[in-house]
Amino acid sequence: MNWKLNMCGAKIYRPTDKMSDLICDNYTLLQVLSRFGVSLGFGDKTVEEVCRMNDVDCSTFLIVVNFLTEEGNFIQDHLNGLSVPALMEYLQRAHSYFLDFQLPSIRRKLLEALDSSTSNEVNLLIVRFFDDYVNEVRKHMGYENEKVFTYVRTLMNGEVPEGFNIGVFARHHDQVNARLTELKNIIIKYYPATGDNQLLNATLFDIFICEEDLDSHNKVEDYLFVPAVMELEKERRNEISR
């Protein structure tokens with residue numbers, strides 16, 4: 001396989017690597033493919049070839065992939081070559097995935113998994129807890145879609161709006177995973193065990209995966225998107241001051 005190592009021994013993927021190798025090495029990168037709008041069925045084509053076929057910025061794709069797979073050991077300048085429009089489109093697709101697919105799917109499974117022999121009040125409490133969490137996520141991502149991304153598009157058009165900057169977002173970028181962690185712990189520690197728990201366990205597994213996925217998503221926003229927008233802000237201010 002065509003990859004190199006950084007000083008910490010982690011793989012750094014390159015444009016000449018086969019796209020299929022990335023997925024076989026780490027199946028969670030399937031989500032990255034989807035969020036860049038890349039479909040499966042690319043055979044033995046390289047990352048660069050697949051990105052070109054799908055009109056995806058290859059540099060941005062690899063920056064996200066390497067950032068997520070190296071778990072904080074990414075030693076090169078991770079903003080070098082990053083496209084803000086491409087990353088923003090990636091983040092918007094991620095929002096759509098969470099709100100329109102993953103969270104509704106977990107809710108359906110949760111309703112099916114809750115035991116009808118258990119107190120209806122307990123079941124209602126769990127569902128209400130989950131719904132409150134989803135509302136938090138929807139509010140959080142709605143703010144990013146409507147306020148933050150609109151601001152960044154204005155920057156990309158050469159303007160610097162007054163009254164807001166990406167630092168405001170960064171300082172108040174609250175994590176939305178706390179309530180999901182609470183729900184997970186309530187089910188594990190306190191939900192009455194009755195009969196076959198396979199469906200409930202499968203739902204819990206999905207909650208764990210969602211929790212990890214949201215955490216990775218937040219890290220991309222904090223460590224890639226925010227610094228890249230700060231650089232864009234600096235460029236625009238320098239242009240205006242000339």
Side-chain angles (χ1 to χ4, degrees), residues 23 26-40 64-65 67-69 71 86-116 118-150 152 169-170 172-192 197-226:
I23 306 306
N26 187 342
Y27 68 89
T28 62
L29 294 179
L30 283 168
Q31 298 291 14
V32 177
L33 284 184
S34 176
R35 291 165 195 178
F36 274 105
V38 177
S39 301
L40 299 175
V64 172
V65 164
F67 176 78
L68 291 176
T69 56
E71 300 180 353
L87 184 59
M88 194 160 64
E89 188 173 352
Y90 165 89
L91 294 173
Q92 286 181 291
R93 282 200 177 105
H95 290 175
S96 179
Y97 172 78
F98 287 121
L99 296 175
D100 301 332
F101 178 77
Q102 190 174 40
L103 291 170
S105 175
I106 290 175
R107 190 183 194 277
R108 287 193 298 271
K109 289 183 179 180
L110 188 61
L111 288 173
E112 189 178 354
L114 294 176
D115 196 325
S116 59
T118 303
S119 165
N120 194 46
E121 289 185 8
V122 174
N123 289 344
L124 285 174
L125 180 64
I126 289 175
V127 174
R128 189 178 301 120
F129 201 96
F130 180 79
D131 287 345
D132 287 344
Y133 165 73
V134 172
N135 287 335
E136 283 186 18
V137 176
R138 193 172 298 280
K139 181 180 178 181
H140 173 95
M141 293 183 176
Y143 170 78
E144 292 175 4
N145 288 342
E146 295 164 19
K147 178 71 175 181
V148 180
F149 294 162
T150 298
V152 175
F169 165 70
H172 299 92
H173 189 209
D174 56 321
Q175 302 297 309
V176 293
N177 268 357
R179 186 175 287 268
L180 191 62
T181 302
E182 287 182 60
L183 174 62
K184 178 186 67 180
N185 290 332
I186 288 170
I187 295 173
I188 293 171
K189 295 179 180 179
Y190 306 113
Y191 194 75
N197 287 328
Q198 289 190 72
L199 186 54
L200 186 58
N201 289 343
T203 306
L204 266 174
F205 183 82
D206 287 348
I207 291 173
F208 273 101
I209 294 296
C210 182
E211 185 179 35
E212 292 173 1
D213 197 5
L214 277 165
D215 183 61
S216 294
H217 174 76
N218 286 333
K219 286 177 180 175
V220 169
E221 291 181 330
D222 289 339
Y223 296 106
L224 295 181
F225 181 66
V226 168

Practice task
Evaluate side-chain contact (heavy atoms from CB on, under 4.5 Å) for Val152 paired with Met88, printing each intermediate quantity in order.
Solution key: CA-CA 9 Å; Val152 175; Met88 194 160 64; 3.9 Å; yes
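- With rounding to the nearest 0.5 angstrom, the CZ atom of Phe67 is 5.0 Å from the CG atom of Leu224.
- The aromatic ring centres of His95 and Phe149 sit less than 6.0 Å apart.
- A heavy-atom distance below 4.5 Å is not found between the side chains of Val122 and Tyr190.
- At a threshold of 4.5 Å between non-hydrogen side-chain atoms, the residues Val148 and Tyr143 count as touching.
- Evaluation of the ring pair (Phe, Tyr, Trp, His ring centres under 6.0 Å) rule for Phe169 yields His173 as partners, not counting sequence neighbours.
- In this structure the side chain of Leu30 reaches within 4.5 angstrom of the side chain of Leu40, judged on heavy atoms.
- Remark: Thr150 engages no residue in a side-chain hydrogen bond (donor to acceptor under 3.5 Å, both in side chains) (not counting sequence neighbours).
- The shortest distance between side-chain heavy atoms of Phe129 and Ile186 falls below 4.5 Å.
- Taking both residues in full, the closest heavy atoms of Thr203 and Ala113 are given as OG1-CB, 3.8 Å, listed atom of the first, atom of the second, then distance.
- At a threshold of 4.5 Å between non-hydrogen side-chain atoms, the residues Tyr191 and Asn123 count as touching.
- Under the 4.5 Å side-chain criterion, counting only non-hydrogen atoms from C-beta, Glu112 is in contact with Leu199.
- Applying the salt bridge (Lys or Arg N to Asp or Glu O under 4.0 Å) test to pairs two or more places apart or on separate chains, those with a residue in residues 98-109 are Arg107-Asp131, Lys109-Asp206.
- Scored by the ring pair (Phe, Tyr, Trp, His ring centres under 6.0 Å) test, Phe36 finds Phe61, Tyr90 as partners (sequence neighbours excluded).
- Asp132 pairs by the side-chain hydrogen bond (donor to acceptor under 3.5 Å, both in side chains) definition with nothing, not counting sequence neighbours.
- For Leu125, the side-chain contact (heavy atoms from CB on, under 4.5 Å) test picks out Arg128, with sequence neighbours left out.
- Taking the side chain as every heavy atom from C-beta outward, Leu33 and Leu29 never approach each other to under 4.5 Å.
- Side-chain contact check for Asn218 versus His140: some heavy-atom pair is nearer than 4.5 Å.
- Note that CD1 of Ile209 and CG of Leu204 are 12.0 Å apart. Values are rounded to the nearest 0.5 Å.
- In this structure, the separation between CD1 on Ile126 and CG on Leu114 is 5.5 Å, given to the nearest 0.5 Å.
- Glu89 meets the side-chain hydrogen bond (donor to acceptor under 3.5 Å, both in side chains) test with Arg93; sequence neighbours excluded.
- Under the side-chain contact (heavy atoms from CB on, under 4.5 Å) criterion, Gln31 pairs with Arg35, Tyr97, Asp213, not counting sequence neighbours.
- For the salt bridge (charged side-chain N to carboxylate O under 4.0 Å, His left out) test, residues two or more places apart in sequence or in another chain that qualify with Glu211 are Lys184.
- When the salt bridge (charged side-chain N to carboxylate O under 4.0 Å, His left out) test is applied to Glu221, no partner is found at least two apart in sequence or on another chain.
- Residues Cys210 and Ile106 share a closest heavy-atom pair of CB-CD1, 3.8 Å.
- Contacts of Asp222 classified as salt bridge (charged side-chain N to carboxylate O under 4.0 Å, His left out), with partners at least two apart in sequence or in another chain: none.
- Going from atom CD1 of Ile207 over to atom CD1 of Ile187 covers 4.5 Å, rounded to the nearest 0.5 Å.
- Of the inter-residue distances, the one linking Thr181 atom OG1 with Asn185 atom CG reads 7.0 Å to the nearest 0.5 angstrom.
- Distance check: Leu180 CG to Leu214 CG gives 7.0 Å after rounding to the nearest 0.5 Å.
- Take Glu182 and apply the salt bridge (charged side-chain N to carboxylate O under 4.0 Å, His left out) test, not counting sequence neighbours, and it matches no residue.
- Using modelled atom types, no side-chain atom of Ser96 and backbone atom of Gln92 make a donor-acceptor pair closer than 3.5 Å.
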